[in-house]
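Index from 1, following the sequence.
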Amino acid sequence: METIENAQNQTNEMRINNEVKNYLIETAKWGKFLAIVGYVFLGIIVLVGLLFIVGISWLNSFSANPARFAGVIYLIIALVYYFPINFLHKFSNSIRNGLESDSETMVTFGFQNLKSLFKFMGIITIIVLAIYVLFFLIAIVTGIAIASM
């Protein structure tokens, strides 16, 4: 009985044909390009953040504090931006290397990173939508409070 089930499981395995393989390799190339561009912009964001934090020290302390705060915000944005770029880069490299070497482990690792990318972006989207709802509710309460004065 077990041998019949094992035989059925082996025949139900999905195979990647050449057309799908070519699509995945092309997707990996574009993913790598986008990851490299993302790393470049990440570096620019970090430099601007550090410039705001350190480079604005010649201003008096009253003017420098908002700039330093903006620099910290830039560094936080860079930290958050790093994770999707890294997932995309790992996906691209793993898929391309896995398909070129017929390594199922590498391809699986690539898709694991793609899943992590989508999961991360979904969580960030939920957080941003929650912030929008919060701001909207604050605006409504503020508008009601101002109107009742």
According to ring pair (Phe, Tyr, Trp, His ring centres under 6.0 Å), who are the partners of Phe111, at least two apart in sequence or on a separate chain?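 Residues passing ring pair (Phe, Tyr, Trp, His ring centres under 6.0 Å) with Phe111: none at all.
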Who pairs with Tyr23 by ring pair (Phe, Tyr, Trp, His ring centres under 6.0 Å), at least two apart in sequence or on another chain?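 Expected list: none.
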Any salt bridge (charged side-chain N to carboxylate O under 4.0 Å, His left out) pairs touching residues 102-131, not counting sequence neighbours?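 Sorted result for residues 102-131: Lys21-Asp102.
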Got a sec, which residues hit side chain to side chain contact (heavy atoms under 4.5 Å, CB included) with Ile140, two or more places apart in sequence or on another chain?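 Side chain to side chain contact (heavy atoms under 4.5 Å, CB included) check on Ile140 returns Phe136, Ile144.
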Go through the structure and list residues passing side chain to side chain contact (heavy atoms under 4.5 Å, CB included) with Thr27, not counting sequence neighbours.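 Partners of Thr27 under the side chain to side chain contact (heavy atoms under 4.5 Å, CB included) test: Phe91.
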Hey, could you give me the CG/CG distance between Leu47 and Leu51, rounded to the nearest 0.5 Å?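 These two atoms lie 8.5 Å from each other.
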How long is the gap from CG on Leu114 to CZ on Phe87, to the nearest 0.5 Å?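 Nearest 0.5 Å value for the CG-CZ distance: 11.0 Å.
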Same cluster or not: are [X] and [Y] linked, directly or through other Ile, Leu, Val, Met, Phe, Trp or Tyr residues, by side-chain heavy atoms under 4.5 angstrom apart?
X: Tyr82; Y: Ile44; result: yes
X: Ile77; Y: Ile123; result: no
X: Phe109; Y: Leu88; result: no
X: Val128; Y: Ile138; result: no
X: Leu79; Y: Leu117; result: yes

Heavy-atom distance under 4.5 Å between the side chains of Leu50 and Leu75, does that happen here?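 They are in side-chain contact.
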In the structure I gave you, are the side-chain heavy atoms of Lys29 and Ser92 within less than 4.5 Å of one another anywhere?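 Of all side-chain heavy-atom pairs linking Ser92 with Lys29, none is under 4.5 Å.
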Considering non-hydrogen atoms only, spot the tightest contact between Gly71 and Phe52 and give its length.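 Residues Gly71 and Phe52, closest heavy atoms: CA-CB, 3.6 Å.
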Inspect the surroundings of CD in Glu26 and state if more than 12 heavy atoms from other residues, nucleotides or ligands are less than 6.0 Å away.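 No, CD of Glu26 has 12 or fewer neighbouring heavy atoms, counting only those of other groups under 6.0 Å.
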Quick one: name the residues clustered hydrophobically with Leu137, using the 4.5 Å side-chain heavy-atom rule over I, L, V, M, F, W, Y, and just say none if it's on its own.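 Leu137 shares its hydrophobic cluster with Val133.
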